[in-house]
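One structure is given here, and the rest of the page talks about it.
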Amino acid sequence: MTQATTQRWLGLARIAAATALAAVVGAGQADAQSGQPIRIGSTLALTGPLAATSQVHKIAGEIYVEQLNKSGGLLGRPVEWVLKDDQSKPDLARTLYEQLITADKVDLLMGPYATGAILSAMSVAQRYNKVLVHHTFGIPSMAKYEMHFPAWALGPTPEATFPNQLFDALAASPKPPKTIAIVTSKFPSVHFLSVGARDVAKKRGLQEVLWLEWEFGNRDFGPIAARVKDAKPDALWIGAIGLEGVMLLEAAKKIDYEPPVHFHLYPAPGPTAKAPEAKNALAATIFEQHAPFTNNPVAANFVKEFNDRAAKAGLPDNSVEVQAAASYTAWQILTAAVNGTKSLDDKAMGAWLKANRVDAIIGKLRFDGPSNYGDDLMKIKQLQDGKWNVVWPKEYAAPGASLKTP
Amino acid sequence: MPSATLLGQSILSGLFIGGLYALMGLGLSLAWGYLKLINLAHLAFAFLAAYVTYQFVGYAGLSPPVALLIVVPAFFLLGVALQALYTRFAVGEFASLLVTFGIAVIVESLIQYFWTADFRKLQIEHGTASLRIGTLFVPVIEALMLLVAAALSLATWAWLRFTYLGKAMRASAENPEIAAAFGIDPRRLALLMSGIGTAYAGVAGVFIALTSTLFPAQIFAWVGVVFAVVILGGLGNPLGVLAAGLAIGVSESVTMAVTEPTWAPLVAFTLLILVLILRPGRI
């Protein structure tokens, strides 16, 4: 058993003992905090197919709320996070957000994880005129509610800005690619960017030698790898989520093929870093735990806390990257709005967010553009010597790191 | 038109994934055919075995064959124990759907508790090794998986057809009262068959760990295709399950090679619908 797994057994015993102890001393401790807590309600996909990433959001949120309460809470009141499990089902997320507002009577909302659930939560927030800050909404043009605020700074048209960013990076390499294969999962937020990459590649004169789509949950990447090998692209865009990209690279390795340059849209960073075939993989990010990002002391402190908590929780990857950073940023946005307006009034907070910039660990955020999106803060990272390093734009590159291409 | 190499490589790929479908369907088919249990927990056990293998090989440093030697007997015993419970509580064919679905959900939750919901991928030395035959490449682990699937299917078919126990099993499934009149103990046979079926889930799990990505919710993603394999192959028919697994695997892979990969998932169900229309007595 891993150390974490073994500790879970001990954990069960500890929980039993702690519960008994808490029953004895708990009531006395409760009076130590003054003021009614501010209740912030949200769901996360704690079970179901999206649970892996939601664990990251759960840990990031817990850290933030703890830090917030240690520093005095919000408006001098403690903060309580009311978290429910939407089981990775957008329809259930809708019901639970309704419940959070009407039955739990939470003061504020925080978004759930993943685009489908966020859309569901957004419709409920709109009905009750609540501000909805969310972490990782993937398709900006679908967000129509005027009081939604995205922490994942993709910009209003990431389907154009992000592929351009990637192709700029590749164009600056010693041997820029002339042909590209674009293969992609049909997972909505992934597919949407892959379609955008296709258009951008065409406009930039990159010859598309292969375009393939597969259903999310595809089991066999052998035939797809064989088709990529047949197409002989200079660069491969893999519109993958989780470990689909690694599965494809492994299938390619088994037929003696290694794509010269391969980009993975949203890989599971930890397990991908451990796969030998993923060497020099490129991927999208908004934050990595190295300078210049960690020059911000708040970010550095969060990275340290998250690394420890994720290790204790047995997550295979303990590092802070897109998901954890976006999650922490979402809480920073909500806090900034409350502190900025000195109230819990949703309309006032919404107006404040549109008129002001928020200083978050992923950078300065603004919400005054189309669909409340500001700048596209996405960056390109590369797996170098088993570690993810930002390599583009150059001003965000890890110390000493630069894009490696064959 | 795809090149001959692409087509050949895709057919090979289909045979290998078909072997895994057969491995996963074998125990399910036996339980359904002979014990009248629609065992939805079978796939959960296969993934539990995969996670246990991941733990043994990835963290305890055991080799995959040693992990197999531990996992298979353990899962045999698990199958025996569960069958004893099913018998004790007189779980019938349709009740088994609900009961085993519950067990599958519990197993999924346990997996998530111990290994978290995150993606897991076992990295082993030579895990991507292949043999080159002409212009084609044969991945070693996948080829081994296909051989094991074929060997287990053949051995199970031979056991059912030629041995006393196998014949007793078939007789008991066909008419338990008459079989009992001839001195056959259906309860003990059911324990044995359940043990064997769950041990096959263990074997499938070892190969899943060696070839696939692991995450808990994946369990239910396999239900459709494995059920299609079992129904196409015929309940309790090991060779039928192997043939159906390979047919679906190859059809999916060739579909991916010549058209859009998004069409591949439709293949299993199209085949299933066709067979059920043409041969309605299949289930």
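Naming: A, B, ... by sequence-line order, numbering from 1 per chain.
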Measure [X] against the heavy atoms of chain A and call it side chain, backbone, both or neither at under 4.5 Å.
X: Tyr51(B); result: neither
X: Thr259(B); result: backbone
X: Gln218(B); result: neither
X: Val258(B); result: backbone

- [ ] Show the numbers, then the answer: is there a side chain to side chain contact (heavy atoms under 4.5 Å, CB included) between Lys274(A) and Lys121(B)?
- [x] CA-CA 9 Å; Lys274(A) 287 179 189 154; Lys121(B) 181 82 185 77; over 6 Å; no
Which atoms of [X] come close to chain B, meaning under 4.5 Å heavy atom to heavy atom: side chain ones, backbone ones, both, or neither?
X: Gln55(A); answer: side chain
X: Leu50(A); answer: neither
X: Glu277(A); answer: side chain

- [ ] Specify the closest pair of heavy atoms between Phe119(B) and Ala52(A), including all atoms of both residues, with the distance to one decimal.
- [x]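 Minimum heavy-atom contact is N-CB, 4.2 Å.
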TODO: Might you point out which heavy atoms bring Gly314(A) and Arg120(B) nearest each other, and give the distance in Å?
DONE: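 That closest heavy-atom pairing would be O-NH2, 3.1 Å.
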- [ ] Spell out, as yes or no, whether a donor-acceptor pair under 3.5 Å connects the side chain of Arg227(A) to the backbone of Pro2(B).
- [x]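 Not confirmed, Arg227(A) side chain does not pair with Pro2(B) backbone.
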Open item on the list: Strictly distance-based, threshold 3.5 Å: is any side-chain N or O of Glu260(B) a donor or acceptor partner for the main-chain N or O of Glu213(A)?
Closed with: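 Looks like yes, one N/O pair under 3.5 Å.
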TODO: With sequence neighbours left out, write down each residue that passes salt bridge (Lys or Arg N to Asp or Glu O under 4.0 Å) with Lys58(A), or none if nothing qualifies.
DONE: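 Checked Lys58(A) against salt bridge (Lys or Arg N to Asp or Glu O under 4.0 Å); matches are Glu62(A).
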Open item on the list: Looking at chain B, which one of Val56(A), Leu212(A), Val246(A), Thr272(A) has the largest number of heavy-atom pairs inside 4.5 Å, strictly under?
Closed with: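 Winner by heavy-atom pair count: Leu212(A).
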TODO: Using distance alone, with no hydrogens and no angle criterion, decide if Ser3(B) and Asp230(A) have a side-chain donor and acceptor under 3.5 Å apart.
DONE: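 Result is yes, a qualifying pair exists.
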- [ ] Heavy atoms only, distances under 4.5 angstrom: which of Ala217(B), Ser13(B), Ser10(B) has the most pairs with chain A? Name it, please.
- [x]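 Max contact count across the listed options: Ser13(B).
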Open item on the list: Return the CG to CG distance between Leu136(B) and Asp256(A), rounded to the nearest 0.5 Å.
Closed with: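 Reported value, rounded in 0.5 Å steps: 12.5 Å.
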Task: Residues in residues 215-225 of chain A near chain B [non-hydrogen atoms, under 4.5 Å] - done: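 The stretch touches chain B at Glu215(A), Asn218(A), Arg219(A), Asp220(A), Gly222(A), Pro223(A), Ile224(A).
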Let me check something: any side-chain donor-acceptor pairs from residues 262-275 of chain B under 3.5 Å, sequence neighbours excluded? List them with distances.
from	atom 1	to	atom 2	distance (Å)
Thr270(B)	OG1	Leu266(B)	O	2.6

TODO: Apply ring pair (Phe, Tyr, Trp, His ring centres under 6.0 Å) to His57(A) and list each qualifying residue two or more places apart in sequence or on a separate chain.
DONE: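 Residues passing ring pair (Phe, Tyr, Trp, His ring centres under 6.0 Å) with His57(A): Tyr113(A), His135(A).
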